[in-house]
Protein chains: 4
Amino acid sequence: MTLPGPRAQDTGRRPRRHDPDRRVRILDAALDVLVEQGMAGMTHRQVAARADVPLGSVTYHFAGLAELRAQAFTRFVELQTAVFEALFDGVGTREEFVEALVDLVHASPARQRSAVLGFELHLAALRDPGLRVLAEAWTRSSQEVLARFVGAADAARLDALLEGMIMHALLATGPRSREAARAAVAKAVELSGEAGFPRTQGENHVR
Amino acid sequence: MTLPGPRAQDTGRRPRRHDPDRRVRILDAALDVLVEQGMAGMTHRQVAARADVPLGSVTYHFAGLAELRAQAFTRFVELQTAVFEALFDGVGTREEFVEALVDLVHASPARQRSAVLGFELHLAALRDPGLRVLAEAWTRSSQEVLARFVGAADAARLDALLEGMIMHALLATGPRSREAARAAVAKAVELSGEAGFPRTQGENHVR
Amino acid sequence: MTLPGPRAQDTGRRPRRHDPDRRVRILDAALDVLVEQGMAGMTHRQVAARADVPLGSVTYHFAGLAELRAQAFTRFVELQTAVFEALFDGVGTREEFVEALVDLVHASPARQRSAVLGFELHLAALRDPGLRVLAEAWTRSSQEVLARFVGAADAARLDALLEGMIMHALLATGPRSREAARAAVAKAVELSGEAGFPRTQGENHVR
Amino acid sequence: MTLPGPRAQDTGRRPRRHDPDRRVRILDAALDVLVEQGMAGMTHRQVAARADVPLGSVTYHFAGLAELRAQAFTRFVELQTAVFEALFDGVGTREEFVEALVDLVHASPARQRSAVLGFELHLAALRDPGLRVLAEAWTRSSQEVLARFVGAADAARLDALLEGMIMHALLATGPRSREAARAAVAKAVELSGEAGFPRTQGENHVR
DNA sequence: TATGAATGAGGGTTCATTCAT
DNA sequence: GATGAATGAACCCTCATTCAT
C-alpha cells in the first residue's frame, strides 16, 4: 500500500531531448494502435504509451486526434504506395504479374497489418472528407500501377477483385492455399488485354 | 441522516407503455447509428435517442454494448441474407444473373446502408470472435447462393470481386456508370462454368 | 449468437405459488448477501437472485431497500438473541460461564456470519436511527443475559471485551488458539463479582 | 459528417490552478465523506464536492475508487498512529496510563471521527485483502504501544476491551459518564503485570 | 520547446423504484 | 396477489483537450 503519486503514466522519465523524428514515431505508433485496437481504441494515451512518449507530446505535435488520424493515414498511404510500386518492380511477364498479385493477396503477417489499415482507412473515409480524398488518391494510384500491365478498365476490375480477396483472406480462419489465390487471380488476368507486358513469356528482363 | 444506500430516487412520472417489439426497434436504431456514425459512434445514448427510447431501455434489453452489437449484426445478416436470396429469385439466364449482380453492386441509396454495415461487420469481426463466426457464416451463405449459378471456386472469386466493387462504389464521389459495372461483372461471369443456368440465353421467363 | 431475450434474470420460471414464508426466505437471503457482499452489495437484484425469487417479489414484499434492511436486521437480532440465550442455558458455574463466552468469541464458521452481521448492524446504526434503536436493544438484551452471572457494570465491561475480541478474531488471518481466548476471558471474569453463580464449582446442576 | 472519434469537446474555460497538495486534500475529503455517509456513500462525486475539486480531479489522482479508499485508509492509519503514540507520550504511572486509555475511549467529538473510520476500516478489511494487511498492521502497532505498559497478552486483551468500549460509546445515545469508563478500564489494567511503569504510583513526573 | 496536471463531457453500466399486466 | 418491463438518476471511469510551468 504505497503512495505512488498520481497515475501510472510515467513512461520512465528519461530525458529524451533532441528526438527529431518523434513525430514519425508517434505516427507509426498510432498506426500500430489502430491495427490492434481499432479506430475507437486509438486514443492519445494509447498512442503515447505505444510510442513511449509523454502524453503531452502527442497533443503537442498534432493539433487534435483528427489530425493525428489524418497524418497517420497519410503516412500509411505513402509507405504503402512505395511497397506497391516495389512489388511490381521488375515484373515483365504475365506470370510475374500474377505472382506479384498473389503476393499482395496472400495473407502474410506483414500484409495483415496493411490490409487492416487499408480497410480502416476505407471505412473512416466514408465519414471524413479529408480521408476520402486520401483514399481515392490511393485507389487511383494503385490502379495506375495495375494499368501499366492491363487496361484501365481491367485495372479497376482487378483492383476490386484484389480488395475483396484481401478482405476475405483477412477474415478466413483457416490458412488459405496459395494455389487457390493464384487460380483466382490468374483467371481475372487472363481476360485482360495484352497491353503492358514488355516481355514475352520466359524472356528475361533486367529492369 | 438515514442510511443512504447506493442511491435514492424519484422516478419522473412518464407514460410507461408496454412495447413488445421494442427490442427490434432498438436493434434497427443501432444499425442506423452504426451506418451514420460508425462503430465508435454507436453508443447506448445515441442508440436510445435514435430509437426514441429512454437510455435505460437499451441497457435493460441488452446486457452490454457487445451484446447489442452482436445482436444488431445478427439481425442485419438475417435481413440481408433474405434480400440476397430474393435478388436471385427467378434468375434463370446468364444475362439475368449478371443484371442481379449489377443491382447488387451499383450504388443505390438503399444499397449504401447494407454495404456500410457489411464492411463494419467485417472490420469488427477482426477483433471479435463471435462476430467473426457470424461474418464467416454470412460469407459462406452468400457464396452458396452464387454457387447455384457458377462453380464453387468461381463463386468465391465472384464474391470477392463484388465485395471490392461495392467498396469502390461506396467511396467513389462521382456517379458511376451502370454500364461500367455491368461490363466488369459480365467479364467475371464469362469465365465461369456453365453449370447452374437452367434456361438458355434469350429464352423468356415469366417471373 | 442466439437471441436470448432481455437479460439473464429468469430464475427458472417455476410456478411457485403459495409460498407463505417467502418473506422470510427473502430476509435470510438479504442477510446472506450482506455477509458476502457488504452493505453496498445488498441490492434488490442480489437478494432476489439469492432467494431464488423474481425481482418484483422483493419490492412487493418490502416497501423499499431501507425497510428490507431494517427487517433483515430485525430478524438477525431475533435469531441471534435466541442463540445467545441458548448459549448460557444451563450454565451454572464460573467455568461453564467462561467456556460459553469462549464459544462466543472463538471464530467458528458459524460464528463468522453472525459476527459480520453484528458489525454491519453496528456501523449501519450509526447513520440510521431505526437501526440504532435496534442495535441498542440488542446490546441491552445481551448485557442483561451477562448480568445474570456478573454485575451490571461488569456485564457492560465484559460485553465490550467480547465485542472487541470478536472483531479481532474476525480480522485475524492465522488461526487463533482457543486457550488464548479462554485466558483473556477468564481474566476478565475473574474480576467480576460473585453474584449469579447458583452452583459452586464442580456441583452438578440440572437446569 | 466528420469522423466523430470517441468524443469532441470544448473545455469550459475555468481557472486551472496548480495545486500541489490536492492529492492530500482529496484524501481528507474522502475520509470526511466516509465518516458522514459510510462506505456506500463514498463516491467520486461526493468526495470531489467535499474537497471542492472537479470530478475529474479525483479520477486523475487516483486510479480507481479502490485505490482512493486504500490510500485514504492508509492516511488515516498514519495519522491515527501518531495520535495514539502522542496519547501515551509522557505516561509514566498506572494512573496516567488509565487516564490516557479513558481519553481514548470516552467519546469526544474529535474521537468520534477516528472511531468511525476505524470501524469502517475493520469492516472493509473483511473483504479487501489490501485493507486487511493495513488493518492488521494498525492493530499490531497499537498493541505494541500498549505492550510498553502491560504484557503482550494483556495488551491484546486491553486492546479488545478498548475496541469494544469505543464501539459502545459510539452507539450509546445518552452521554456516558467518564467515571464508568474509568472504572472499567482501571479494572482491566489492574490485572495486568507490573512491567513497564517506570515510575511508582504517586511519583510526580514533569512531562 | 515540451510536459503533465487539470478539467468536465460523455461513455458503459447498475440500480431503486414504479406500474401495467 | 405477483411479476418483470420500464425508467432515469447516479455511478465509475476514460478521454480529448487546455494551459501553467
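Proteins come first, then strands; the chains are lettered A, B, ... in the order of their sequence lines, and each starts at number 1. Treat the numbers as computed from the prediction; the structure is a model and nothing was measured.
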- request: Only counting residues at least two apart or in another chain, list the ones meeting side chain to side chain donor-acceptor pair (under 3.5 Å) with A:T59.
  value: none

statement: Rounded to whole Å, CG of C:L68 lies from P of E:dT17 at a distance of 10 Å

query: So, is B:H61 close to the F:dA6 phosphate, meaning a side-chain N or O under 4.0 Å from OP1 or OP2?
result: yes

- prompt: Judged by modelled atom types alone, do B:Q71 and B:R23 share a side-chain donor-acceptor pair under 3.5 Å?
  reply: yes

statement: Closest to the 5' end of DNA chain F, once C:T59 and A:H44 are matched to their nearest nucleotides, is C:T59

message: Distance check needed: E:dG10 C1' versus B:M42 CE, whole Å only.
response: 17 Å

message: Give me each pair satisfying salt bridge (charged side-chain N to carboxylate O under 4.0 Å, His left out) with a member in residues 54-67 of chain C, each pair once, sequence neighbours excluded.
response: none

message: I want to verify a distance call: between F:dA6, F:dA16, E:dT3, whose nearest atom is closest to the B:R22 side chain?
response: F:dA6

- prompt: F:dA16 C1' sits how many Å from A:I26 CD1, rounded?
  reply: 15 Å

message: How many whole angstroms separate atom CZ of C:R23 from atom P of F:dG1?
response: 15 Å

- line: Residue pair A:Y60/B:A66 against DNA chain E: nearer the 5' end by closest nucleotide is A:Y60

- prompt: Roughly, in whole Å, what's the span from CG in D:D52 to C1' in E:dT7?
  reply: 14 Å

field: Toward the 5' end of DNA chain E, by each residue's nearest nucleotide, D:L55 or C:G41
entry: D:L55

message: Test of understanding: with side-chain contact (heavy atoms from CB on, under 4.5 Å), list the residues that count as partners of B:R45, not counting sequence neighbours.
response: B:T43, B:L55

- prompt: Atom CZ of C:R69 and atom P of E:dC15: how far apart are they, to the nearest Å?
  reply: 14 Å

message: Only Watson-Crick and G-U wobble pairs with both distances less than 3.5 Å should count. Give DNA chain F in dot-bracket notation, marking inter-strand partners with |.
response: .||||||||||||||||||||

query: Quick one: ring pair (Phe, Tyr, Trp, His ring centres under 6.0 Å) partners of D:H44, sequence neighbours excluded?
result: none

field: Along DNA chain F (nearest heavy atom to each residue), the more 5'-positioned of A:G64 and D:R45
entry: D:R45

task: Respond yes when some side-chain nitrogen or oxygen of D:S57 is under 4.0 Å from OP1 or OP2 of E:dA6, and no when none is.
output: no

field: For atom CZ of B:F62 and atom P of F:dA5, their distance in whole Å
entry: 13 Å

field: Backbone of D:V53 reached by a side-chain donor or acceptor of D:S57 within 3.5 Å
entry: no

task: Looking at every strand, decide which applies to D:L65 at a 4.0 Å heavy-atom threshold: base, sugar-phosphate, or nothing.
output: sugar-phosphate

- request: Return the set of residues passing side-chain contact (heavy atoms from CB on, under 4.5 Å) with C:V133 (not counting sequence neighbours), or none when no residue passes.
  value: none

